[in-house]
Amino acid sequence: MLKQFVSLALLAVSFNSAAAWQLQNNSSKVSFVSIKKDTIGEVHHFKTLSGSIADNGDFSVEIDLTSVETNIPIRNERMQSMLFNTKSFAKLSLNAKVNKELAQLTDGTSNVFSVPATLSLNGVEKSLTIDVFAARTNNDSLLVTAMSPIIINASDFNLDAGVAALQKVAGLPNIARAVPVTFVLHFTQ
């Protein structure tokens, strides 16, 4: 999830800028879809994001996993404790390095980029490439969004036991182990 976010933000960074880019939490969003009983899909998101793009092209985004919002308080609590294990791993992080080619965005321009990134979740790191659309809306505003959903597989991050625990406590016959994630990240200088 965060990998996609990081990739998008990295695309728009300018190596010649005087100040680093900061993620704006109130105008950014990371969403994911859970599917239960094979046919019921529900959209969720995280309320607290942070991140930056440094002058040297280092990109980082963090998601506070305790800020998961499913619109059902008990489900939020269960996801925090049973799935994400927030007592041990409270944050998800996405890190990348911006290519110089991506830094060529100027005011009012946009482009599509593929960005290699590293996603850290539940104590596991995984490399991935994220296709993003980045738009430099003016001198101090950058939007980065996923060109397509990023699929996060529970087994890649040792989350299968957590999904099974949620399934059992909710009395569900199944919960999908592959989750599509989308994001819109807004950075300002």
Side-chain angles (χ1 to χ4, degrees), residues 1-14 17 19-35 41-54 57-71 75-76 79-80 83-84 90-99 101-121 126-153 157 176 178-189:
M1 292 184 286
L2 291 176
K3 293 178 186 178
Q4 292 174 335
F5 296 116
V6 171
S7 297
L8 293 174
L10 290 174
L11 293 175
V13 77
S14 170
S17 67
W21 294 90
Q22 295 298 316
L23 182 101
Q24 300 304 304
N25 186 67
N26 291 338
S27 52
S28 298
K29 192 169 197 175
V30 174
S31 301
F32 64 99
V33 177
S34 65
I35 300 172
E42 297 174 308
V43 179
H44 315 294
H45 70 278
F46 296 95
K47 297 185 288 185
T48 306
L49 313 172
S50 62
S52 64
I53 305 169
D58 288 340
F59 172 87
S60 67
V61 170
E62 282 192 347
I63 295 175
D64 179 351
L65 297 174
T66 66
S67 74
V68 66
E69 182 56 67
T70 66
N71 296 316
R75 183 166 54 192
N76 294 347
M79 288 185 97
Q80 290 170 26
L83 178 64
F84 295 129
K91 298 195 184 288
L92 171 153
S93 66
L94 180 66
N95 296 287
K97 184 85 168 175
V98 176
N99 293 328
E101 168 187 290
L102 304 177
Q104 295 176 353
L105 288 178
T106 58
D107 292 356
T109 64
S110 62
N111 208 338
V112 175
F113 301 93
S114 290
V115 178
T118 301
L119 177 63
S120 299
L121 173 62
K126 182 174 166 88
S127 296
L128 53 116
T129 300
I130 301 168
D131 293 327
V132 299
F133 173 81
R136 181 91 175 255
T137 58
N138 60 43
N139 279 340
D140 63 356
S141 186
L142 171 67
L143 291 174
V144 179
T145 186
M147 284 298 295
S148 57
I150 299 164
I151 303 299
I152 301 297
N153 290 296
F157 297 96
V179 176
V181 177
T182 61
F183 62 91
V184 173
L185 302 177
H186 178 221
F187 291 85
T188 60
Q189 277 186 314

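Quick note: residue numbers are just sequence positions, from 1.
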| What is the minimum heavy-atom distance between E62 and S93, and which atoms define it? | CG-CB, 4.1 Å

| F32 and F84 aromatic ring geometry - parallel, tilted or perpendicular at 30°/60° bounds | perpendicular

| Given side chains that start at C-beta, do those of L119 and I152 come closer than 4.5 Å, heavy atoms only? | yes

| said: I need the T70 OG1 to Q80 CD distance, nearest 0.5 Å. | reply: 9.0 Å

| query | Are the side chain of S67 and the backbone of K47 linked by a donor-acceptor contact shorter than 3.5 Å? | reply | yes

| field | Polar contact flag, side-chain donor to acceptor under 3.5 angstrom, D140-T188 | value | no

| task | Search all heavy atoms of S34 against all heavy atoms of H44 and return the closest pair with its distance. | result | OG-NE2, 2.7 Å

| query | Has the side chain of N25 got a donor or acceptor atom that lies under 3.5 Å from a matching backbone atom of L49? | reply | yes

| query | How long is the span from the NZ atom in K29 to the CG atom in L185, to the nearest 0.5 Å? | reply | 13.0 Å

| Which heavy-atom pair separates A178 from N153 by the least distance, and what is that distance? | CB-OD1, 3.3 Å

| Applying the side chain to side chain contact (heavy atoms under 4.5 Å, CB included) test to S60, which of T118, L23, N95 qualifies? | N95

| said: Rounded to the nearest 0.5 Å, what separates atom CD in Q189 from atom CG in L142? | reply: 9.0 Å

| query | Within a strict 4.5 Å, meaning less than it, do heavy atoms of the V61 and V30 side chains meet? | reply | no

| query | S141 and W21: which non-hydrogen atoms are nearest, and at how many Å? | reply | N-CZ3, 3.6 Å

| note | CG (L143) and OG (S27) are apart, to the nearest 0.5 Å, by 7.5 Å

| request: State, to 0.1 Å, how close V115 and A96 come at their nearest heavy-atom pair, and which atoms those are. | output: CG1-CB, 4.0 Å

| query | Of the non-hydrogen atoms in N76 and N71, which two are nearest, and what is the gap between them? | reply | OD1-N, 4.1 Å

| said: Between E69 and H45 (side chain of the first, backbone of the second, donor and acceptor by atom type, cut-off under 3.5 Å), is there such a pair? | reply: no

| said: I'd like to check L121 versus L65 (side-chain heavy atoms, cut-off strictly below 4.5 Å). Are they in contact? | reply: yes

